[in-house]
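Below you'll find the structure, written out as structure tokens, and then a few comments.
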Amino acid sequence: MVELGCGDGGALDQFHSRYRIAIGIDGSLTRFRMRSGTRVGWSMVLADLNRPFPLRAGSVDAVFLNQVIEHLADPRHLADEVRRLLKADGIALVTTPNLRYLGHLQRLVMRGRGPRTGDSIDIDGPWDNGHIHYFTHSDLREIFLDAGFKKVESRALVNLEGARPWLRNLLDRRSSSYIVREFLSGNILLTATK
């Protein structure tokens, strides 16, 4: 299992025990150096995600990208490289902000301001956390289909924490429905199978 853009490795801390080998790749050690606790059960590789990844083709069962693709210069290159790494029937899980979320549309239409999909932490870049691309569900699916993935699906990624948990749980149960997927969630969860 490989996590691209692993940051401090928090996800790898959770996932590593499910895989024989777990690797985190990131272009910066900034977040990794901020982590508390030691790294156990996975290894870290420093590499530019805008270039070919330093792993063998067909060597990985799963690739995880959590809020990464919007930071990279060429999303299609990323999808091509993810596909190259995966074994036959390997799976990629990708999350990214949803540009079509009603909150972003309201900001654009009603307030005349472009979407800000980051969380206002300047570690990844001073403008919108370094986001340089914005995606809708169909944009993201198209990128991975064009890269040659045989099965690509997206759904809303609903944050279950916060106010009104009953509403968040309802949205999560309906995360594949058109209205919830396209307009009622600020994030996309894409699953792509090689």
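Given the structure is predicted, the values throughout are model-derived calculations rather than measurements.
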message: Determine whether a donor-acceptor pair (N or O, by modelled atom type, separation under 3.5 Å) exists between the side chain of D172 and the backbone of V158.
response: no
message: Could you check whether any side-chain N or O of R181 sits under 3.5 Å from a backbone N or O of S154, counting only pairs where one atom can act as donor and the other as acceptor?
response: no
field: Residue pair S185 / L157: nearest heavy atoms and the distance that separates them
entry: OG-O, 2.8 Å
query: Is the side chain of E3 donor-acceptor paired with the backbone N or O of G24 at a distance under 3.5 Å, no angle test?
result: no
- request: Could you tell me whether R35 atom CZ has more than 12 heavy atoms of other residues or ligands within 6.0 Å of it?
  value: yes
field: Euclidean distance, L189 CG relative to N66 CG, rounded to 0.5 Å
entry: 9.5 Å
- request: Output, in order, the C-alpha distance, side-chain angles, deciding distance and verdict of side-chain hydrogen bond (donor to acceptor under 3.5 Å, both in side chains) for E182 and N98.
  value: CA-CA 8 Å; E182 297 294 327; N98 175 17; 5.8 Å; no
- prompt: Could you walk me through whether L78 and L65 pass the side chain to side chain contact (heavy atoms under 4.5 Å, CB included) check?
  reply: CA-CA 10 Å; L78 175 77; L65 297 102; 3.5 Å; yes
- prompt: About how many Å separate CG of D89 and NZ of K194, when rounded to the nearest 0.5 Å?
  reply: 9.5 Å
- prompt: Which heavy atom of D61 sits nearest a heavy atom of K87, and at what distance?
  reply: OD1-CD, 3.3 Å
- prompt: Does R39 count as lying over the ring of W42, i.e. NZ or CZ under 6.0 Å from the six-ring centre, within 45 degrees of the axis?
  reply: yes
field: Interatomic spacing from NE2 in H71 to NE2 in H131 - rounded to 0.5 Å
entry: 3.5 Å
query: Are any side-chain N or O atoms of R18 and backbone N or O atoms of M1, one a donor and one an acceptor, separated by less than 3.5 Å?
result: no
- request: Supply the atom-to-atom distance T193 OG1 to K150 NZ, rounded to the nearest 0.5 angstrom.
  value: 7.0 Å
query: Do F32 and L46 come close enough that some side-chain heavy atom pair is under 4.5 Å?
result: no
message: Looking at R33 and D8, is there a salt bridge between them, counting it only when a charged N and a carboxylate O are closer than 4.0 Å?
response: no
- request: Could you tell me whether a side-chain N or O of R107 sits under 3.5 Å from a main-chain N or O of G112, the two making a donor and an acceptor?
  value: no
- request: Is it possible for you to say whether L170 and F183 belong to one hydrophobic cluster, with membership spreading through side-chain heavy-atom contacts below 4.5 Å?
  value: no
query: Any luck finding a side-chain donor-acceptor pair between R100 and T136 under 3.5 Å?
result: no
task: Apply side-chain hydrogen bond (donor to acceptor under 3.5 Å, both in side chains) to T191 and E153, showing your working.
output: CA-CA 5 Å; T191 305; E153 298 174 337; 5.6 Å; no
query: Which atoms form the tightest heavy-atom contact between M44 and C6, and what is the distance?
result: SD-SG, 3.5 Å
task: Look at the aromatic rings of H104 and Y101 and report parallel, tilted or perpendicular, splitting at 30° and 60°.
output: perpendicular
- request: Nearest 0.5 Å please: distance from the CZ atom of F15 over to the CG atom of L12.
  value: 8.0 Å
task: Flag the pair D80 and R76 as a salt bridge only when some basic side-chain nitrogen lies within less than 4.0 angstrom of an acidic carboxylate oxygen.
output: yes
query: Would a hydrophobic clustering, with Ile, Leu, Val, Met, Phe, Trp and Tyr connected at side-chain separations under 4.5 Å, put L85 with I21?
result: yes
